[in-house]
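Below is one structure, written out as structure tokens; the observations come after it.
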Amino acid sequence: MTGGDYFTLTYELNEKEQVKFLKETQSNIENGHNELLIKMNTIVKRSVKSYLSDFFVHDLYVLNEREENFLWLVRDFGTNLIQLDDPEFYKGHWKWMDWYKAIKHTMKTKAFYYIDESIS
């Protein structure tokens, strides 16, 4: 399944199906053996009040698709993954800098986490 297919499938769910999907995904993480996802899920449960799909749809998809280092931003209203393995980062031209600054200064980020391990 491609990324577009995954997101289309997820976004085509009605509200009741979305709630079921989020609960099942959370349960799969809690009952699984992936320590990184268990830690991230614990942080989401403790800190994120809405936009849970940021983590349970977007972040999990990216973490499954890529083996890179990320900066994970956690807010009351969602999460963001920012790619760190960008060759331009080391040259001082990090393409995600504007996005990082926008999130940090306008969205009241509660915490930043450095993710340097694969979930697979």
Side-chain angles (χ1 to χ4, degrees):
M1 180 180 305
T2 67
D5 294 338
Y6 175 81
F7 291 122
T8 300
L9 174 68
T10 305
Y11 288 124
E12 288 181 352
L13 300 175
N14 64 39
E15 189 172 339
K16 187 176 180 179
E17 292 168 331
Q18 288 175 3
V19 169
K20 181 180 176 188
F21 172 82
L22 292 176
K23 285 182 180 181
E24 287 175 354
T25 302
Q26 186 172 20
S27 177
N28 289 340
I29 291 170
E30 290 170 352
N31 295 317
H33 301 288
N34 187 301
E35 290 185 34
L36 174 63
L37 292 183
I38 291 169
K39 289 176 189 176
M40 292 175 81
N41 183 58
T42 300
I43 292 166
V44 167
K45 285 172 57 176
R46 181 181 64 226
S47 303
V48 180
K49 295 182 173 103
S50 60
Y51 296 99
L52 295 172
S53 62
D54 282 1
F55 175 67
F56 290 110
V57 175
H58 302 288
D59 296 353
L60 291 181
Y61 175 77
V62 171
L63 290 169
N64 273 305
E65 289 294 309
R66 298 184 177 174
E67 290 188 16
E68 300 177 19
N69 295 326
F70 292 93
L71 182 63
W72 188 46
L73 290 71
V74 178
R75 308 178 317 277
D76 287 339
F77 304 103
T79 63
N80 286 92
L81 273 179
I82 296 181
Q83 174 186 353
L84 293 178
D85 290 342
D86 174 3
E88 297 301 309
F89 175 76
Y90 302 103
K91 296 177 187 173
H93 305 288
W94 187 37
K95 69 181 176 182
W96 295 100
M97 182 57 78
D98 290 338
W99 183 239
Y100 167 76
K101 287 179 181 177
I103 294 167
K104 182 179 177 186
H105 297 293
T106 62
M107 296 185 180
K108 298 182 181 173
T109 300
K110 295 178 89 169
F112 297 86
Y113 299 90
Y114 175 66
I115 300 172
D116 66 348
E117 56 187 278
S118 172
I119 66 166
S120 32

* To do: Might you work through the side-chain contact (heavy atoms from CB on, under 4.5 Å) test for Phe55 and Ile43, ending with a clear yes or no?
  => CA-CA 10 Å; Phe55 175 67; Ile43 292 166; over 6 Å; no
* Stepwise side-chain contact (heavy atoms from CB on, under 4.5 Å) check, Val48 with Asp76 -> CA-CA 4 Å; Val48 180; Asp76 287 339; over 6 Å; no
Atom pairs and distances, donor-acceptor, side-chain atoms in residues 22-30, under 3.5 Å, two or more places apart:
from, atom 1, to, atom 2, distance (Å)
Thr25, OG1, Phe21, O, 2.8
Ser27, OG, Asn31, ND2, 3.1
Asn28, ND2, Glu24, O, 3.3
Glu30, OE2, Asn41, ND2, 3.3
Glu30, OE2, Lys45, NZ, 3.0

* Criterion side-chain hydrogen bond (donor to acceptor under 3.5 Å, both in side chains) on Trp72 and Asn80, from CA distance to verdict -> CA-CA 6 Å; Trp72 188 46; Asn80 286 92; over 6 Å; no
* **Rounded distance [0.5 Å steps], CE in Met40 versus CG in Asp59** => 5.5 Å
* Answer with yes or no whether the hydrophobic clustering places Leu36 together with Val57; edges join I, L, V, M, F, W, Y residues whose side-chain heavy atoms lie under 4.5 Å apart. => yes
* **side-chain contact (heavy atoms from CB on, under 4.5 Å) between Thr79 and His58, worked out** => CA-CA 9 Å; Thr79 63; His58 302 288; over 6 Å; no
* Mind listing the closest non-hydrogen atom pair of Gly78 and Asp54 along with its distance? => CA-OD2, 3.2 Å
* To do: Nearest 0.5 Å please: distance from the CG atom of Leu73 over to the CG atom of Leu81.
  => 8.5 Å
* To do: Taking the side chain as every heavy atom from C-beta outward, state whether Leu52 and Val44 have any pair of such atoms under 4.5 Å apart.
  => yes
* Roughly how far, to the nearest 0.5 Å, is the NZ atom of Lys20 from the CG atom of Asn14? -> 10.5 Å
* Asked: Given the rule that I, L, V, M, F, W and Y join up when any side-chain heavy atoms are under 4.5 Å apart, are Phe77 and Leu60 in one cluster?
  -> no
